[in-house]
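Here's the structure, in C-alpha cells; my notes come after.
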Protein chains: 2
Amino acid sequence: MAASDILKPESLAKVLSEHGVRPTSQRETVYQSLLNKRTHPTADEVFARVRETAPTISLATVYNCLDVLVQNKLVRAVNFERAPTQYCANLAPHAHFHDEAGRTLDIEMPTEVIDQLRDLLPDDFDVKHIEVNFHGRAPQND
Amino acid sequence: MAASDILKPESLAKVLSEHGVRPTSQRETVYQSLLNKRTHPTADEVFARVRETAPTISLATVYNCLDVLVQNKLVRAVNFERAPTQYCANLAPHAHFHDEAGRTLDIEMPTEVIDQLRDLLPDDFDVKHIEVNFHGRAPQND
DNA sequence: GAACAGAATTGGAATAATTCCAATTCGCAA
DNA sequence: TTGCGAATTGGAATTATTCCAATTCTGTTC
C-alpha cells in the first residue's frame, strides 16, 4: 500500500487485522483520519476530527486507538520538546522538521543515512527505532 | 573547559557570567549538580539532588534555572516519548540512546554525520538544532 | 555604604496532557 | 445465542510543567 492511499472501508479493516489490530469502528475512524489528512495532529486534534463522523467517541478511546496503532506500527508518534505527542501515518523512513511556527514536515531519509546512524552504536546494541528531529525555520512557501 | 570538569565555585560563576547567565547560588547549584553526576536527571531528580545542599530551593526555581541554562546553551534538554524532560551537561555534539530499562546514554556523533543529516534538507532551511534519539536495548555491562 | 530598580526566587495554585478506573458495550468463537 | 475477553466510555486522578503574586536578592548609582 502506498503511503498516500485512502483506503476503502473494507480494505481498511483488512489492513488493521493484518497488523494484529482487531478492527473496531473507532480504530478505523482514527486511522482513516490520519490517512486522509497528512498533517501531524495531536490526540486532541484527532479527537476533534473523528468527532465529526463518530460523535460519541471519547478522548480516552482516541488515546487508546492511537496507542494500538503505534504499537502495531501503523502509525508513528512524534515528540518535540514540551509539545503534545503528534501522530503521523507516513511509514516510509523519514525524519521530522519542526518549524518555529509550529509546523511539522516530513523529511525523507535514505537507507544509507539510517545505516550510518546505526553504525554510531556498538554491534551489541539492539536498536528498535531511530528518531531524527530538526528544529529551525523553514521557508514560508513550502 | 572539558565536558567532564567539575568546577571550583569561582570558575563556575565565571562560566555562567560568560554565557550571559547572572550567577545566583541556585543556578550554580543546579548547574553543578549536572556537572557532578553525568546521568540524565529529570527536573524532579535535580530538585532532589540540589535540596541536599540548598534545602530551601523550590521546584519552580529548579525549572527556571534549567530553562536559563538550556537557553544559554550550557545544558541540553532531552525528550523521549511520554517521559519527563531530562537534562544533560554534555555539550559535545552527541545523540542519545534510550534503553528499555530507562537508562539514557550519550552517543558520540562525528561532525560529518551531522553534516550529512543537515544535507537532507534544502539549503533554504535554517537549522537551529538536530536531535538524534535511538531506542532499544543496550548490553547490560556498559 | 544606603537606596533603588530590576531580576530572581518562592510556594502554592492552575493548567495541559495523559492515564487510570469501574461500568457498560461490543465482537468473536463455541 | 450465549458467554467471555476485549474495547469503549466518562469522569476522576495523576504527572509534568507553568503561572502568579509576594518577597528577597543583586548590582548600580549616588
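We name chains A, B, ... by the order of the sequence lines, and we start the count at 1 in each one.
A:D44 has its CG atom 16 Å from the P atom of C:dT15, to the nearest Å. Atom CD in A:E28 sits roughly 15 Å away from atom P in C:dC26 (whole-Å rounding). We find that CD of A:Q86 is positioned 11 Å from P of C:dA17, with the value rounded to whole Å. If you measure from atom CG of A:L16 to atom P of D:dA6, you get 18 Å, rounded to the nearest angstrom. Atom CD in A:E45 sits about 16 Å away from atom C1' in C:dT18, given to the nearest Å. Taking atom CZ on B:F47 and atom P on D:dT15, their separation rounds to 16 Å, with Å as the unit. In this entry the distance linking CG of B:L69 with C1' of C:dA8 reads 13 Å, nearest Å.
For the residue pair A:H40 and A:D106, a side-chain donor N or O sits within less than 3.5 Å of a side-chain acceptor on the partner. Between the side chains of B:S33 and B:R51, no donor-acceptor pair of N or O atoms lies under 3.5 Å.
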Point to revise | Footprint string (nucleotides 7-14 of chain D, 5' to 3'): B base within contact, S backbone only, - free, heavy atoms under 4.0 Å | key: SSBB----

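Between B:F47 and B:I57 the shortest heavy-atom distance is CE1-O, 3.4 Å.
No contact: A:T42 has no heavy atom under 4.0 Å from any strand.
Ring pair B:H135/A:H129 is tilted by interplanar angle, where 30° to 60° counts as tilted.
Within the structure, every side-chain polar atom (N or O) of B:Y63 is placed at least 4.0 Å from both OP1 and OP2 of D:dT18. Phosphate proximity of D:dT18 to A:R82: present, with a side-chain N or O under 4.0 Å from OP1 or OP2.
Bending across the helix from C:dG1-D:dC30 to C:dA30-D:dT1, expressed as the angle between its end axes from five pairs apiece, amounts to 20° (10° rounding).
Positionally, the nearest nucleotide of DNA chain D for B:A83 lies more toward the 5' end than for the other of B:A83 and B:P23.
The side chain to side chain contact (heavy atoms under 4.5 Å, CB included) search around A:N64 returns none, not counting sequence neighbours. Residues meeting the side chain to side chain contact (heavy atoms under 4.5 Å, CB included) test with B:T24, sequence neighbours left out: B:Q26, B:R27. B:Y63 meets the side-chain hydrogen bond (donor to acceptor under 3.5 Å, both in side chains) test with no other residue; sequence neighbours excluded. For the side chain to side chain contact (heavy atoms under 4.5 Å, CB included) test, residues two or more places apart in sequence or in another chain that qualify with B:A60 are B:S58.
Taking the six-membered ring wherever Trp is involved, the centroid distance between the rings of B:H96 and B:H94 falls below 6.0 Å.
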